[in-house]
Amino acid sequence: MRIMRNMAIKDKLVAIIMLTCIAALLLTGGIFAFSEWGAQRRAIVRSLSTHAAMTGENCKAALTFEDANDAKEMLSMLKEDSSIVFAGVYLESGEVFASYYRDAPDTNLLPSEPQEDGHEFAGGLLTLFRSIVLDEETIGTICLRSDLRPMYAMLKRKSITIIGVVLLGSLVAYVVSSRLQRIISGPILNLAEVAKVVSQEKDYSVRAAKESNDEVGLLIDSFNEMLEEISRRDVALVEANESLETRVKERTVELTAANRELQNSVERANLMAREAQEANKAKSQFLANMSHEIRTPMNGIIGFADVLADEDLAEQHKEYVAIIRDCGRELLVLINDILDFSKIEANKLATEITSCSLAKLLNSVESLMRPKAVEKGLELRVIESPGLPGGISTDPVRLRQCLVNLVGNAVKFTEVGHIYIHVSIHEENGEPHIQFDVEDTGIGIPKDKQGTVFEVFTQADGSHTRKYGGSGLGLAITKRLAEILGGRLTVTSVEGEGSTFSLVLPAGVDACKNGFLDRHNLAEELRTDRDKSVETAFLGRVLVAEDSLTNRTLVELLLKRMGIEVTIAVDGNEAVQKAQNEAFDLIFMDMQMPNMNGYEAAGTLRKAGIATPIVALTANVMKGDDKKCLAAGCDDYISKPLDRARLIEVIGKYLASTTEPVHQESDAAT
């Protein structure tokens with residue numbers, strides 16, 4: 001195309017038209033020739049196939065009776081088609097049964113053996129094989145070969161005709177384009193002359209003559225408008241200077257209005273922030289109310305399930321009771337998860353960093369989770385690395401919650417194998433960190449899902465929700481707790497082989513100065529203490545103030561089984577009256593009662609000089625509820641649902657114990 005750059009526009013137009021016409025003619029001719037070539041090939045194949053079918057049909061009798069002469073006679077009928085140079089019939093064994101040659105016999109035309117049904121173009125010949133079938137059984141094969149030279153000769157003649165048409169069309173295109181190009185090149189050349197005059201003489205009053213309304217006419221109009229615009233340039237500059245001051249004033253007014261709108265937006269944003277804070281307060285109050293309302297019936301469900309478990313029941317009934325108790329505990333775990341997540345989300349989750357025994361923590365987690373692992377036939381083991389400190393500085397409650405969540409998940413998603421809790425210590429940035437690796441041989445987590453398992457309400461596979469249960473909050477809460485405690489939670493997993501969740505937290509102590517871990521001696525000590533607590537009963541009179549019949553019946557039953565004399569009050573007023581008129585060794589006070597609630601009742605008793613220990617019973621477990629109870633005059637605090645071990649622990653602070661055995665089961669749901 002570089003050749004055309006310096007050509008005159010009229011020559012360019014002629015060349016473009018010529019090239020376009022020639023290209024179109026060549027493309028059309030090529031397509032026609034190719035189409036004709038394909039059509040001729042298909043026609044020859046169809047014709048040869050028809051001959052093969054008819055001849056094969058005629059040769060069936062000859063093949064059946066092995067009459068070669070009859071077969072040759074049938075083949076000789078193909079001489080009517082001069083293009084067929086060879087025909088042959090083969091037996092099923094591959095031997096030539098009969099043959100036909102248009103000219104003298106030629107071994108080059110005779111295929112050595114029959115082929116499968118089909119055709120082939122090669123060596124200027126079309127070769128076609130067809131099976132001869134009688135009663136669905138192949139009895140032979142017919143082969144026909146056709147000379148392609150007549151087809152090639154015809155295609156050659158048509159190609160010459162196409163070339164002639166292209167040449168003639170090109171000549172006609174040249175003659176027509178030479179005349180028609182003036183329609184376009186003429187006005188453009190005139191415009192070029194006018195532009196040359198304006199450039200040399202600086203005469204902007206000259207105008208180009210318009211001859212048409214096409215694009216060239218539009219170009220001439222634009223050129224004339226440009227000259228007119230240049231003439232008006234100076235006038236426009238003067239007008240622009242005069243209007244500049246006016247535009248500045250208008251812009252100032254616009255900016256002032258925008259500033260007022262911005263202030264309004266800020267006020268609306270502040271209002272929305274206040275509404276969001278109020279909504280958050282309402283949500284917290286709603287969660288507190290729901291926690292109380294749900295925990296109150298849960299106390300009855302779990303408590304009476306524990307009581308029934310101690311009764312002499314049929315095995316099937318014991319199984320039903322165990323199911324009720326387990327379901328209640330799982331529901332309570334779900335409630336606790338939702339409350340914990342709400343606290344974390346609102347940045348109201350309280351942590352208390354204290355020195356705690358690593359041995360007690362590990363033994364507590366192991367003893368709590370071992371029954372679930374054993375029930376599924378899994379091996380649960382704590383593997384301690386050398387050099388572990390005897391104690392660490394962290395929040396033991398939250399750390400235990402993290403480990404229970406991780407081990408509970410491992411038990412839930414593992415059917416066979418083991419669950420190991422590897423505990424080790426190492427340094428990060430010069431500070432000691434303790435690491436808990438919870439390893440399982442469970443279902444594992446797909447690689448593309450490992451980044452989402454820590455999101456709220458998410459499990460690695462949605463189908464697991466029904467099979468394994470769970471809210472999808474446990475890992476999210478554990479990860480956030482780890483971050484609040486200054487650490488991190490990560491996962492490595494192979495689908496179908498298992499997972500390892502690694503919890504790393506600051507140890508907060510110097511292992512060398514803090515002594516080393518001796519978990520087994522501590523386990524023996526805890527076992528002895530637990531055996532003693534199981535055999536403990538108490539003496540004393542206890543007042544139970546509880547408005548819920550279910551909870552009232554449960555607490556009364558549990559206390560009487562411990563040998564305690566129980567008096568009931570159904571609301572705060574009755575509790576105050578009985579406490580003032582009778583002598584009690586301990587008072588259990590529900591904090592949510594009609595007429596007079598537990599806070600008011602406790603305060604009234606303290607003002608009246610009643611010094612009897614008061615233990616708050618409440619389903620409120622939000623942040624600060626325990627301090628609120630203590631501030632009202634209570635001496636201790638027990639949350640609902642009741643944990644029997646916690647109940648015994650609290651009673652032991654205020655009542656004398658005996659040596660009579662007590663019906664007690666291990667931890668109730670908390």
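Surrounding CD of E66 are at most 12 heavy atoms belonging to other residues, nucleotides or ligands under 6.0 Å away. Residue M77 places its CE atom among 12 or fewer non-hydrogen atoms of other residues, nucleotides or ligands, all under 6.0 Å distant.
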Run the side-chain donor-acceptor check on residues 133-142: report pairs under 3.5 Å with partners two or more places apart or on a different chain.
none

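Between L489 and L406 the shortest side-chain heavy-atom distance falls below 4.5 Å. Counting heavy atoms from C-beta on, the side chains of N405 and L475 never come closer than 4.5 Å. Taking the side chain as every heavy atom from C-beta outward, F97 and C59 never approach each other to under 4.5 Å. At least one side-chain heavy atom of L75 sits less than 4.5 Å from a side-chain heavy atom of T55. When side chains are defined from C-beta on, K79 does not count as touching R102, because their heavy atoms never get closer than 4.5 Å. Side-chain contact between K60 and I132 is present, with heavy atoms from C-beta onward closer than 4.5 Å. Between C143 and T127, the closest side-chain pair of non-hydrogen atoms falls below 4.5 Å. No side-chain heavy atom of V374 sits under 4.5 Å from any side-chain heavy atom of L380.
Nearest heavy atoms, L148 versus I44: CD2-CD1, 4.0 Å. Across all non-hydrogen atoms, the minimal contact from L25 to S170 is CD1-N, 4.1 Å. Shown here for P111 and F86, the closest heavy-atom pair between the two residues is CD-CE2, 3.6 Å. The minimum heavy-atom distance linking G417 with T441 is given by the pair CA-OG1, 3.3 Å. Closest heavy-atom contact between V438 and I419: CG1-CG2, 4.3 Å.
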(message) Before you tell me yes or no, could you show the steps for V504 and E428 under side chain to side chain contact (heavy atoms under 4.5 Å, CB included), namely the whole-Å CA-CA distance, both residues' side-chain angles and the distance that decides it to 0.1 Å?
(response) CA-CA 10 Å; V504 181; E428 293 184 10; 3.6 Å; yes
(request) Quick one: do I445 and F501 satisfy side chain to side chain contact (heavy atoms under 4.5 Å, CB included)? Show the steps, please. (result) CA-CA 11 Å; I445 305 171; F501 285 85; 3.9 Å; yes
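Going from atom CG of L78 over to atom CD1 of I84 covers 4.5 Å, rounded to the nearest 0.5 Å. Atom CZ of R130 sits about 14.5 Å away from atom CD of E57, to the nearest 0.5 Å. Rounded to the nearest 0.5 Å, atoms CZ (F121) and OG (S146) are 8.5 Å apart. The structure places CD of E379 at 12.5 Å from OG1 of T414, a figure rounded to the nearest 0.5 Å.
Each salt bridge (charged side-chain N to carboxylate O under 4.0 Å, His left out) pair with one or both residues in residues 19-40, not counting sequence neighbours, appears once here: E36-K158.
No donor-acceptor distance shorter than 3.5 angstrom exists from the side chain of D440 to the backbone of G498, with no hydrogens or angles considered. In this structure, S499 contributes its side chain and G442 its backbone to no donor-acceptor pair below 3.5 Å. Not one N or O on the side chain of R149 forms a donor-acceptor pair closer than 3.5 Å with the backbone of G124. Formation of a donor-acceptor pair under 3.5 Å by the S35 side chain with backbone atoms of I31 is not found in this model.
A donor and an acceptor atom, one from each side chain of R46 and S49, are nowhere located under 3.5 Å apart. There is no side-chain donor-acceptor pair under 3.5 Å between D147 and S83. Between the side chains of Q435 and H422, no donor-acceptor pair is found at a separation under 3.5 Å.
Classification of E375 and K372 as a salt-bridged pair fails, no side-chain N sitting under 4.0 Å from a carboxylate O. The pair R268-E261 counts as a salt bridge, with a side-chain nitrogen and a carboxylate oxygen less than 4.0 angstrom apart.
Each of I383, T490, T500 was checked for a side-chain contact (heavy atoms from CB on, under 4.5 Å) with D437, and the lone residue meeting it is T500.
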